[in-house]
Amino acid sequence: MAHEKLAEKLGDYFARLGAGKAHKIKPRDVEKVIAKLRAWRDALATEAVSKPEKAERLEHKIKAADELIERAEWLRAEIADEHPD
Amino acid sequence: MTRYAPQAQLALILGLLALAFWLSADFQRIAAGVAVFLLGMVMLEDGFKGLGGSLLERLLARATGNLPRAMGFGVLATTVTQSSSLVSVIAISFLSAGLISLQAGLGIIFGANLGTTTGAWLIAGVGLRVDIAAYAMPMLAFGAVLMFQSQPAARGSGQVLLGIGLIFLGIAFIKDGFDAFSARFDLTRLALTGLSGLLVYTLIGAAATVVMQSSHATMLLVITALATGQISYENALAVAIGANIGTTVTALIGAASANYQGKRLALGHLIFNLATAITALVLIVPLRITVDWVSDWLGIAADDFALRLAVFHTLFNCLGIALMVPVMARLLSFLERRIAPPAPSVSKPRYINAGLGSFPVTILTALQKELRHLHENAARLISEGLNLRLEDLTQSKDIALTVARAREPIQLDFERRYEEKVKSLHAAIVEFVAQKATLSLPAPVLTRLQELRDAAGALVRAVKAAKHMRDNTHRFTTAEKGEITALYDGLRHEIAHVLVAIERLEATAPEERSSLWIDQERRALEEGGRDTTRAAESALQTRRISASDATSFLNDSGYAFEAMRALLEAAQRAYRTDDAAEGEIERLLELDEDEMEAQKESSLS
């Protein structure tokens with residue numbers, strides 16, 4: 001399973017939510033986080049073009065950003081199923 | 001002797017109460033009414049804290065722009081909550097945390113004083129005219145059911161309803177008590193006229209407010225006594241003035257544990273109320289004429305002294321504001337001169353203190369600021385421990401070059417600096433969180449408190465790890481020693497890069513940044529760690545460094561990466577967004593240790 005650990009954490013979150021110990025997440029909240037991640041990824045890509053000496057380090061970060069965006073999109077879909085806006 | 005003063009005072013009050021109960025059964029009803037009323041006030045205050053404490057704090061944070069806005073907030077918040085002490089305590093805690101200016105704090109206090117006069121209007125205009133106990137009953141029943149629910153909103157609403165119900169019931173008890181009391185006694189025989197009456201009843205009003213810790217309770221008693229003819233109108237006016245003086249004692253007690261700003265606010269409150277009271281006493285005759293004129297204009301009957309007292313209460317508080325606002329600049333200057341700030345110290349907490357109360361936004365904001373203070377101390381110590389200047393790094397356009405040029409040793413007693421500027425602050429944060437964790441705060445707030453405490457712990461770990469590599473870094477980077485110098489410069493560069501990345505996050509507007517950016521730094525760091533190890537192995541294989549130097553380097557490389565991981569862990573927790581939902585998302589998305597390890601293994605394979 002691609003997001004096994006994340007699914008496990010999401011299960012814990014829903015349990016906390018049910019017990020009134022967590023704040024409710026809506027799909028639009030996840031959208032906001034994705035927008036921030038995309039903005040950061042774009043900034044890294046721009047920096048990689050202007051600073052080739054940092055390209056390798058920035059590539060690692062861009063790769064990490066892409067993976068985070070993918071995880072966030074998976075989360076948005078899961079949240080939308082459970083708690084639509 | 002003074003050691004036993006509180007016990008003696010309590011014994012005296014209880015003794016006097018017992019004597020009064022023995023002398024009059026009706027007095028028991030009045031005293032029980034006051035007790036129920038005070039219980040209702042406490043319940044109402046707790047309910048508003050639970051229901052809208054955060055809302056009040058958010059509104060208050062915006063009421064800092066100018067004096068009229070701050071005063072408007074004070075009037076509105078006190079009118080809604082009917083608790084000037086709740087509003088005053090929030091203002092003191094905000095000021096103590098450095099979230100509002102002293103002027104805004106004073107504006108809120110002035111407004112709260114005016115807002116508290118609405119209580120007199122409610123008691124005189126509604127409380128004494130209808131069968132208020134009939135309204136209390138359903139409120140008590142609904143309130144009790146709601147109060148035992150687990151949802152914070154339902155619990156808060158229940159406490160508010162129960163509070164209002166108890167206040168109504170208290171008013172009804174007092175009213176009934178005075179009605180019965182009036183049939184047997186005539187307290188107006190104790191009435192005093194002239195200057196002596198004014199002074200004696202002002203003192204009685206102040207003392208009653210200090211004992212009951214509530215000017216509302218004093219006003220309730222005096223208005224009810226006035227309505228049942230148990231006190232003369234003239235003496236009732238003096239009691240109202242005294243209540244305003246007495247209420248400052250509560251504020252002074254509250255400010256005892258606050259920082260210098262909270263103490264300034266309490267002193268300003270005292271000056272405002274004393275100046276208002278003295279002016280009202282001096283101008284009592286023209287004030288009374290004005291009250292009559294305003295009351296006639298409002299259509300209040302000539303013998304409706306209860307409502308006329310409410311007019312007086314409002315007018316003399318307005319008079320106080322009219323007197324103090326023009327001299328606000330001088331008042332501020334006096335308070336700032338009178339209570340000087342403590343000498344700035346990097347080793348003592350600047351933002352967290354006992355005066356922050358139990359308000360979630362204030363507690364978390366102050367703690368976040370203190371954590372930033374700790375980070376600054378830690379980052380400076382780590383960089384100077386590696387012979388780097390933090391300012392040079394944050395201003396550098398080429399960090400690698402800045403690091404390579406930093407060959408000048410920085411003289412530093414690392415252990416002493418750690419004790420004075422990191423450990424002491426960390427201890428204060430741990431103690432603060434432990435104290436606040438005992439309060440009945442919402443679960444997400446407690447989670448955030450623990451997260452910030454853990455961030456402080458991570459910063460301490462980072463400093464300790466950096467300390468271990470100081471000697472060798474000093475040895476190999478203060479003079480050019482070939483490949484080993486380049487390797488150590490590489491480690492210094494990595495640490496410098498992490499410190500600069502955190503500063504970059506700090507400089508980004510909170511609504512634009514995400515703590516997940518740190519996750520990318522963490523993953524890039526793990527990749528960098530492998531490169532560093534490979535570089536050292538390669539240098540050893542080609543005999544560009546000795547085996548002894550390679551061992552030192554690999555050990556120090558471990559410490560360096562431990563320090564960087566801890567710095568990033570602290571930053572990830574510290575820069576968690578204030579938005580509760582987004583904070584939950586960030587916690588879900590960030591990689592934990594197992595996931596990070598799994599990623600490391602998959603990229604190696």
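Here is the naming used below: chain letters follow the sequence lines, and residue numbers restart at 1 for every chain.
Taking the side chain as every heavy atom from C-beta outward, Glu584(B) and Arg16(A) approach each other to under 4.5 Å. Counting heavy atoms from C-beta outward, Glu582(B) and Val30(A) have side chains that stay 4.5 Å or more apart. Considering only heavy atoms from C-beta on, Arg71(A) comes within 4.5 Å of Leu591(B) through its side chain.
Rounded to the nearest 0.5 Å, atoms CD1 (Ile25(A)) and CD1 (Ile585(B)) are 5.0 Å apart. Distance check: Glu67(A) CD to Asp519(B) CG gives 10.0 Å after rounding to the nearest 0.5 Å. Taking CZ of Arg587(B) as the start and CG of Asp12(A) as the end, the distance is 13.5 Å to the nearest 0.5 Å.
Residue contact with chain B, scored on non-hydrogen atoms closer than 4.5 Å, involves the backbone and the side chain of Leu6(A) alike. Heavy atoms closer than 4.5 Å to chain A are found in the side chain of Asp579(B), but not in its backbone.
Put simply, the side chain of Lys9(A) gets close to the backbone of Leu588(B): a donor and an acceptor are under 3.5 Å apart. Lys36(A) contributes no side-chain N or O that, together with a main-chain N or O of Ser514(B), makes up a donor-acceptor pair within less than 3.5 Å.
Annotation: residues 37-46 of chain A contacts chain B through Leu37(A), Trp40(A), Leu44(A) [non-hydrogen atoms, separation under 4.5 Å].
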Self-check item: Intermediate values then yes/no, side chain to side chain contact (heavy atoms under 4.5 Å, CB included), Thr447(B) and His23(A)
Solution: CA-CA 11 Å; Thr447(B) 305; His23(A) 198 91; over 6 Å; no
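Residue pairs meeting the ring-ring contact (aromatic ring centres under 6.0 Å, His included) criterion with at least one member in residues 495-515 of chain B: none, sequence neighbours excluded.
Using a 4.0 Å cut-off between a side-chain N of Lys or Arg and a carboxylate O of Asp or Glu, Glu47(A) and Arg504(B) qualify as a salt bridge.
Every residue two or more places apart in sequence or in another chain that forms a side-chain hydrogen bond (donor to acceptor under 3.5 Å, both in side chains) with Arg372(B) is listed here: Glu376(B), Glu503(B), Tyr575(B). Listed by chain and number, the residues in a ring-ring contact (aromatic ring centres under 6.0 Å, His included) with Tyr488(B) are Phe476(B), Phe553(B) (sequence neighbours excluded).
Ranked by non-hydrogen atom pairs under 4.5 Å with chain A, the options Glu512(B), Arg513(B), Gln520(B), Arg522(B) are led by Gln520(B). Counting heavy-atom pairs closer than 4.5 Å to chain A, the top-ranked of the candidates Ala443(B), Gly583(B), Ala581(B) is Ala581(B).
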